[in-house]
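FYI, the numbering just counts along the sequence from 1. The structure displayed is predicted, hence computed values, not measured ones. The basis for the numbers below is simple: all heavy atoms, side chains too, and nothing from hydrogens, waters or symmetry mates.
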Amino acid sequence: MPTTMRKWAWLPVLAIGLGLYFLVQSTLIDTGNINYVPSMILLGAVVVPLAFLTFVAGRTGEWRIGPFVLAIAALFGGVVGIVTAGRLEFETLRGLGTSSLIGIGLIEESCKLIVPVLILVWQWRRGTVHVGDGLLIGVAAGMGFAALETMGYAFTALLASQGNIGDVEETLFLRGLTSPAAHMAWTGLICGALWAAVAARWSLAATVRLMVTFVFAVALHALWDGVTGRVTYFLLAAVSLSWLLVELHRSNTLTWDGPSGRDSPSGRVRRP
């Protein structure tokens with residue numbers, strides 16, 4: 001696919017997705033048929049994250065990751081991540097009070113890495129690891145996690161409001177719109193640093209960068225869960241998205257040439 005087409009593919013994805021969402025929404029309102037509620041929740045949770053994933057994919061350099069790998073990262077990464085995180089949070093965070101915010105951030109950011117790490121191992125065993133792949137795979141895994149979490153919150157809002165569709169729509173709007181600046185950005189940043197560390201053969205600088213990235217992502221996650229107020233959310237979203245976009249640009253310019261230990265246009269590291 002030409003670069004220009006990939007760069008702007010997110011616009012038709014967003015437009016078509018929103019069109020389908022509003023079609024289902026209007027049909028639900030006009031008919032009052034609750035059978036359309038699951039479709040509305042699914043579309044409301046997926047459209048914006050999918051458009052953002054397409055945006056990031058369109059701004060990577062050489063097209064190396066096929067849709068099948070991204071689908072695995074999104075689907076399995078989301079399911080495995082959210083189920084594992086839910087079990088760990090239920091078992092270990094009861095009664096911890098405010099300190100649980102850091103614990104939740106630590107658990108969720110770790111669990112979202114399970115499937116991306118397996119993909120990384122698969123790539124390494126094949127003999128090449130591309131530095132720019134990690135960020136995109138991380139964004140995909142974060143998308144799956146965010147979409148499933150949004151669907152859960154929307155369903156909870158439906159039950160708590162005794163069927164008030166307005167509350168469901170508000171939940172879908174807020175969580176769907178902010179997902180690129182939350183789970184998708186944080187997981188993308190961590191995976192980008194992880195892939196770079198593997199490509200650099202765990203050099204001191206790359207390892208420290210990975211650790212710092214993980215700590216800051218967990219901190220942003222904890223702040224996101226703990227603060228109230230739209231201004232604060234806007235600032236956190238701006239920091240997360242700006243950081244992600246900077247690293248996206250950086251991943252397109254920095255590559256690795258394996259044993260030579262120098263950046264080069266090859267963009268990969270070969271397994272010894």
Side-chain angles (χ1 to χ4, degrees), residues 8-58 67 70-83 85-86 104 108 111-112 115 136 138-188 221 224-225 227-230 233-234 236-238 240-241 244:
W8 298 106
W10 67 275
L11 286 175
V13 170
L14 180 62
I16 293 172
L18 289 177
L20 293 174
Y21 173 80
F22 288 121
L23 176 62
V24 171
Q25 178 198 50
S26 63
T27 304
L28 171 62
I29 293 174
D30 292 342
T31 64
N33 189 341
I34 61 173
N35 289 336
Y36 291 104
V37 172
S39 299
M40 188 186 75
I41 291 177
L42 174 63
L43 289 169
V46 168
V47 169
V48 173
L50 181 59
F52 185 72
L53 174 63
T54 308
F55 171 85
V56 174
L70 290 181
I72 289 177
L75 178 59
F76 290 94
V79 172
V80 172
I82 202 167
V83 169
I104 290 173
E108 291 190 358
C111 291
K112 286 186 291 181
V115 170
L136 182 56
V139 168
M143 169 196 157
F145 190 99
L148 290 172
E149 191 175 62
T150 298
M151 291 171 65
Y153 276 100
F155 183 70
T156 300
L158 180 68
L159 295 180
S161 64
Q162 297 182 344
N164 189 329
I165 299 300
D167 287 358
V168 177
E169 292 174 340
E170 181 180 358
T171 301
L172 291 173
F173 176 78
L174 291 176
R175 296 194 64 87
L177 192 63
T178 57
S179 59
H183 286 298
M184 297 179 72
W186 303 328
T187 311
H221 192 148
W224 187 278
D225 289 344
V227 301
T228 56
R230 295 181 179 180
Y233 275 120
F234 175 80
L236 290 175
S240 299
L241 281 178
L244 180 69

Participant: Taking atom CG of L70 and atom OG1 of T54, what is their separation to the nearest 0.5 Å?
Facilitator: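 Here the interatomic distance stands at 9.0 Å.
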Participant: Compare all side-chain heavy atoms of L53 with those of L136 and state whether any distance is below 4.5 angstrom.
Facilitator: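 They are in side-chain contact.
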Participant: Which heavy atom of A154 sits nearest to which heavy atom of I41, and what is that distance?
Facilitator: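 Minimum heavy-atom contact is CB-CG2, 3.9 Å.
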Participant: Provide the closest heavy-atom pair for V46 versus A147 in the form atom of the first, atom of the second, distance.
Facilitator: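 Scanning both residues, the minimum pair turns out to be CG2-CB, 4.2 Å.
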Participant: Hey, could you give me the OG1/CZ distance between T171 and F155, rounded to the nearest 0.5 Å?
Facilitator: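 Spacing of OG1 (T171) from CZ (F155) equals 13.0 Å.
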Participant: Less than 4.5 Å apart, any side-chain heavy atom of L241 and any of F52?
Facilitator: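 Of all side-chain heavy-atom pairs linking F52 with L241, at least one is under 4.5 Å.
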Participant: Between NE2 of H221 and OG1 of T187, what distance do you get to the nearest 0.5 Å?
Facilitator: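 Atom-to-atom, H221:NE2 and T187:OG1 are 9.0 Å apart.
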Participant: Run the ring pair (Phe, Tyr, Trp, His ring centres under 6.0 Å) check on Y233 and W224 step by step: do they pass?
Facilitator: CA-CA 7 Å; Y233 275 120; W224 187 278; 5.1 Å; yes
Participant: Identify the heavy atoms of V24 and S39 that sit nearest to each other, and give their distance.
Facilitator: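 Shortest heavy-atom separation between V24 and S39 comes out as CG1-CB, 3.9 Å.
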Participant: Check L236 against V227 and note the closest heavy-atom contact, atom names and distance.
Facilitator: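 For L236 and V227, the tightest heavy-atom pair comes out as CD1-CG2, 4.0 Å.
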Participant: Please report the shortest heavy-atom distance between D167 and S161, naming the atom on each side.
Facilitator: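 Taking every non-hydrogen atom into account, OD2-CB, 3.0 Å.
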Participant: Determine the minimum heavy-atom distance between A73 and A140, stating which atoms define it.
Facilitator: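 For A73 and A140, the tightest heavy-atom pair comes out as CB-CB, 3.9 Å.
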Participant: When you look at CG of L177, are more than 12 heavy atoms from neighbouring residues, nucleotides or ligands closer to it than 6.0 Å?
Facilitator: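 Correct, the count exceeds 12.
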Participant: Does a side-chain heavy-atom distance below 4.5 Å link Y36 with T31?
Facilitator: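 Sidechains of T31 and Y36: in contact.
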Participant: Would you indicate whether the side-chain heavy atoms of I165 and V37 approach each other to under 4.5 Å?
Facilitator: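 When only atoms from C-beta onward are counted, I165 and V37 do touch, with a gap below 4.5 Å.
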Participant: In Å and rounded to the nearest 0.5 Å, what is the CG to CD distance from D30 to Q25?
Facilitator: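 So the gap between those two atoms works out to 10.0 Å.
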Participant: A side-chain contact here means heavy atoms from C-beta on lying under 4.5 Å apart; do N35 and L28 qualify?
Facilitator: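 N35 vs L28: side chains apart.
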Participant: Mind telling me whether F145 and H183 have parallel, tilted or perpendicular rings, with 30° and 60° as the class edges?
Facilitator: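 Answer is tilted, since the angle falls between 30° and 60°.
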Participant: For S179, run the side chain to side chain contact (heavy atoms under 4.5 Å, CB included) check against M143, E149, M184 and tell me which one passes.
Facilitator: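 Per the side chain to side chain contact (heavy atoms under 4.5 Å, CB included) rule, the option paired with S179 is M184, out of M143, E149, M184.
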